[in-house]
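Accompanying notes for the structure given below.
Values below: all heavy atoms of this structure, side chains included; hydrogens, waters and symmetry mates excluded. Since the structure is predicted, the reported quantities are computational estimates derived from the model, not experimental observations.
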Amino acid sequence: MPAIRRCQPLLGTRVEIGLAGACSEDALHGLASLAFARIRALEGALGFHHPDSELVRVNRGAAARAQPISQDMRAVMTEALWMSRLSDGAFDVCVAGPMVQAGLLPDTCGHVEPGGDWRDIHLDTAGIRFARPLLIDLGGIAKGYAVDCAFQGIPAEIDVCINAGGDLRMRPWRGVTIGVRVPDGEHVRSFEMRDAGLATSIGRRGAHASAILDPASGTASSDPRSYSVWAATAMRADALTKVACLAPLEVDWMRLAGGQASSLDTFGCTMELTEASAVPSVIRA
């Protein structure tokens with residue numbers, strides 16, 4: 001069966017697309033090119049670092065009046081606000097304000113009032129509106145969404161794996177073994193896939209990881225472990241890893257969100273936070 005594997009620098013990482021199916025290699029390359037184009041368009045629209053992006057326009061204007069938004073931003077924001085309610089604010093896209101103040105994001109959008117959170121975001125048919133000047137960043141969820149969108153463009157009869165720096169989605173996934181790198185080391189632990197989507201985040205900032213800020217305190221996580229979460233979609237898994245880093249012992253939200261999680265420390269030890277099932281799981285690494 002013909003198979004291809006391609007890689008491009010996107011989403012601040014390397015995006016790898018592997019395809020296999022009963023068709024020509026040219027057809028597979030065409031599908032991969034369309035998938036890369038979809039990811040590139042989403043990066044331009046939802047990226048905090050792109051001055052002409054839809055996200056920057058929303059950040060600049062939503063406190064003054066409702067901003068019309070694309071279906072893509074609506075889908076991401078609907079999931080983000082649901083995740084914020086479920087985790088009682090442990091996941092909050094409004095963390096962008098403290099990240100700008102800490103120098104972790106560029107200051108491209110002007111004045112921000114302190115104390116704003118996800119409850120100040122109003123999403124309705126008119127678009128999105130902020131109750132006060134605040135900033136949102138979709139870096140904790142949009143990469144997974146981009147993977148999902150690219151995945152959905154691949155016909156069902158084609159085997160596919162899309163991996164954006166550890167945020168991945170694949171078909172088929174049952175019986176597939178993947179490797180997760182132990183934090184600050186070269187050792188890789190192997191795990192069997194538990195659902196179609198997987199994402200991994202490291203709690204503490206390091207050479208290969210950005211900071212994960214606690215929305216409540218504005219301080220960065222100091223947890224040296226990484227957390228890998230399986231879910232039905234890469235977007236769901238992507239968002240859940242941030243909550244796992246900040247609240248690793250609070251597993252009720254994980255079950256409600258349909259996730260399974262595990263974590264790894266620097267020695268590669270694993271502690272199961274939930275049982276493998278049809279809901280998301282976390283691996284602490």
Side-chain angles (χ1 to χ4, degrees), residues 10-13 37-150 164 167 210-220 233-236 238-239 242-243 246:
L10 292 165
L11 303 173
T13 186
R38 180 74 167 114
I39 292 172
R40 189 175 297 107
L42 288 169
E43 180 180 35
L46 305 181
F48 196 95
H49 293 78
H50 298 270
D52 297 325
S53 72
E54 178 181 5
L55 176 63
V56 170
R57 172 180 60 79
V58 165
N59 276 334
R60 288 174 174 167
R65 62 184 62 86
Q67 298 292 307
I69 55 176
S70 65
Q71 286 300 112
D72 289 318
M73 178 165 280
R74 183 174 295 278
V76 174
M77 286 304 305
T78 298
E79 177 84 358
L81 294 176
W82 176 79
M83 187 67 67
S84 294
R85 287 192 296 271
L86 186 67
S87 66
D88 196 24
F91 182 87
D92 192 344
V93 293
C94 298
V95 76
M99 292 185 74
V100 169
Q101 294 174 356
L104 301 172
L105 286 175
D107 187 359
T108 60
C109 301
H111 173 65
V112 178
E113 286 187 4
D117 64 19
W118 64 275
R119 297 175 183 84
D120 295 310
I121 300 174
H122 302 285
L123 195 64
D124 56 30
T125 55
I128 189 169
R129 181 175 57 84
F130 300 160
R132 67 174 80 191
L134 52 81
L135 295 178
I136 60 175
D137 173 45
L138 304 178
I141 189 171
K143 186 166 68 169
Y145 177 73
V147 169
D148 287 334
C149 288
D167 286 14
S210 58
I212 295 179
L213 267 63
D214 184 340
S217 65
T219 59
T233 67
M235 176 168 66
R236 180 69 52 85
D238 191 10
K242 291 21 175 227
V243 188
L246 295 171

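When side chains are defined from C-beta on, Arg236 does not count as touching Tyr145, because their heavy atoms never get closer than 4.5 Å. In this structure, the side chains of Cys149 and Ile39 stay at 4.5 Å or more apart for every pair of heavy atoms.
Asp137 is linked by a salt bridge (Lys or Arg N to Asp or Glu O under 4.0 Å) to nothing, counting only residues two or more places apart in sequence or in another chain. Applying the side chain to side chain contact (heavy atoms under 4.5 Å, CB included) test to Ala126 and every residue at least two apart in sequence or in another chain returns Ala66, Asp124. Taking the salt bridge (Lys or Arg N to Asp or Glu O under 4.0 Å) definition, one finds that Arg57 meets it with Glu54, sequence neighbours left out. Applying the side chain to side chain donor-acceptor pair (under 3.5 Å) test to Glu43 and every residue at least two apart in sequence or in another chain returns nothing. Judged as a side chain to side chain donor-acceptor pair (under 3.5 Å), and not counting sequence neighbours, Asp92 has no contacts. Applying the side chain to side chain contact (heavy atoms under 4.5 Å, CB included) rule to Ser53 yields the partners His50, Leu55, Val56; only residues at least two apart in sequence or on another chain are considered. Residues meeting the side chain to side chain donor-acceptor pair (under 3.5 Å) test with Arg85, sequence neighbours left out: none. With sequence neighbours excluded, the residues forming a side chain to side chain donor-acceptor pair (under 3.5 Å) with Asp117 are Arg119, listed by chain and number.
Scanning all heavy atoms of the two residues, the minimum distance from Ala146 to Leu11 falls at CB-CD1, 4.1 Å. Scanning all heavy atoms of the two residues, the minimum distance from Ile141 to Met235 falls at CG1-CG, 3.4 Å. Here the closest non-hydrogen pair linking Trp118 and Gly89 is NE1-CA, 3.6 Å. Residues Gly127 and Ile69 share a closest heavy-atom pair of CA-CG1, 4.3 Å.
Going from atom NZ of Lys242 over to atom CE of Met83 covers 10.0 Å, rounded to the nearest 0.5 Å. Atom CG of Asp167 sits about 4.0 Å away from atom CG of Asp238, to the nearest 0.5 Å. In this structure, the separation between OG on Ser84 and CD on Glu79 is 10.0 Å, given to the nearest 0.5 Å. Note that the CG atom of Leu10 and the NZ atom of Lys143 stand 11.5 Å from one another [nearest 0.5 Å].
The salt bridge (Lys or Arg N to Asp or Glu O under 4.0 Å) contacts involving residues 68-78 comprise Arg38-Asp72, where partners must be two or more places apart or lie in separate chains.
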Side-chain donor-acceptor contacts of residues 128-136 below 3.5 Å, not counting sequence neighbours, with atom names and distances?
| from | atom 1 | to | atom 2 | distance (Å) |
| --- | --- | --- | --- | --- |
| Arg132 | NE | Asp120 | OD2 | 3.3 |
| Arg132 | NH1 | Pro114 | O | 3.2 |

